[in-house]
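Each ligand, and each atom within it, is numbered from 1 in the order the structure gives. Basis for what follows: all heavy atoms, side chains included, without hydrogens, waters or symmetry-related copies. Note that this is a predicted model, so its numbers are computed, not measured.
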Amino acid sequence: MLLGAPGAGKGTYSNILAKRFGLPIVGTGDMIRAVIASGSDAGKRLAAYSDRGELVPDALVLELLEERLGRPDTANGFILDGFPRTVSQAEVLRRFAPLHLVVNIVLPDKHVIAKLLGRVGCSQCGGNYNVADVHDVEAGVYMPPMLPPGWVASELQCERGSVLTSRSDDTEDVISARLATYHKKTAPLIEYYRAQGILVDYRVQTGTGDMPHLESALRKLLPSA
Ligand code: AMP
């Protein structure tokens, strides 16, 4: 499971790790966005929470998770991204799918905010990019922008020419609410999993440039990887 503030890089890392380890990603944020995009009544209820940067009620997210984990592709393992987000969710998960490893992705809030404000994606090809240029010598963080090939600064387009857009919850107000929610409700999971002896801290330095190091650290920790 990847733990960390919104914008710390859980989605980017889990996409790369999923390919390297041949595991599916179970990402509750993506599942919730898909329900919202469907325009159903359930989607409208979920949007009311996510638009405010709040967590959706456990019953709704657990229903989605249960359905997803019931599919056969998760039988040999999976990468959890965005779940659990509270100790009570972790307690439920522990009963039906105990975790082997929790990677706590650490990135200072000011860089998280810059990355969230710079995040853009393509609704056509699903590509995710980031125009933020984060450089903090003191914290040892250097994350250059992640841009599509052939990027032209004046045109926010992916390599196939589709317009890149920001997520509706990546605005300053909603980001600050999401970060407050993270610190209050999700960060306690760091000590919860540390006490179980299954948590490793991973300090972000160069974003995707960290991948080889992160991957080799994980291969040592996951016995069957
Ligand atoms: P994410 O893409 O992981 O940042 O999630 C986007 C939004 O979906 C969050 O701000 C929450 O409103 C909702 N969400 C995602 N995962 C959960 C979860 N495990 N529990 C409750 N709400 C969630």
### Summary
closest protein heavy atom to atom 22 (N) of ligand 1 is Val56 N, 3.1 Å

### Query
Relative to each other, are the rings of His135 and Tyr142 parallel, tilted or perpendicular (30° and 60° limits)?
tilted

### Summary
min-distance protein heavy atom vs atom 19 (N) of ligand 1 -> Gly82 O, 2.9 Å

### Summary
For Thr28, the atoms of ligand 1 under 4.0 Å from one of its heavy atoms are 15 (C), 16 (N), 17 (C), 19 (N)

### Query
Among Asn128, Leu147, Leu156, Val131, whose side chain to side chain contact (heavy atoms under 4.5 Å, CB included) with Leu164 holds?
Leu156

### Query
Taking N or O atoms only and a 3.5 Å limit, does Asp30 qualify as a polar contact for ligand 1?
no

### Query
Nearest protein heavy-atom contact for atom 7 (C) of ligand 1: which residue, which atom, what distance?
Ser50 CB, 4.1 Å

### Message
Is the contact between Val61 and ligand 1 made by the side chain, the backbone, both, or neither, using heavy atoms and a 4.0 Å cut-off?
### Response
side chain

### Task
For Asp136 and Lys110, run salt bridge (Lys or Arg N to Asp or Glu O under 4.0 Å): C-alpha distance rounded to whole Å, both residues' side-chain angles, the deciding distance at 0.1 Å, then the answer.
CA-CA 10 Å; Asp136 179 345; Lys110 61 178 177 184; 3.6 Å; yes

### Task
Mark the output for Arg167 as yes if a heavy-atom distance to ligand 1 is under 4.0 Å, and as no if none is.
yes

### Task
Report yes or no: does Thr74 contribute a side-chain atom to a donor-acceptor pair with the main-chain N or O of Gly77 at less than 3.5 Å?
no

### Subset of ligand 1 atoms that lie under 4.0 Å from at least one heavy atom of Arg178
4 (O)

### Message
Quick check for you: to the nearest 0.5 Å, what is the distance between Arg85 atom CZ and Leu80 atom CG?
### Response
11.5 Å

### Task
Would you check whether Arg33 reaches within less than 4.0 Å of ligand 1, judged by its heavy atoms?
yes

#### Entry: Residue pair Tyr202 / Asp210, side-chain heavy-atom distance below 4.5 Å
yes

### Query
Which one of Glu54, Arg85, Gln89 has a non-hydrogen atom at the shortest distance from atom 1 (P) of ligand 1?
Arg85

### Query
Judged by atom type as modelled, is there a donor-acceptor pair below 3.5 Å linking the side chain of Asn130 to the main-chain atoms of Lys115?
yes

### Message
Going by the closest heavy atom to atom 5 (O) of ligand 1, which one wins out of Gly29, Pro6, Pro57?
### Response
Gly29

### Task
Select the closest option to atom 23 (C) of ligand 1 among Asp169, Ile32, Leu116, judged by heavy-atom distance.
Ile32

### Task
Please check if Leu214 and Ile79 belong to a single hydrophobic cluster, counting links between Ile, Leu, Val, Met, Phe, Trp and Tyr side chain heavy atoms closer than 4.5 Å.
yes

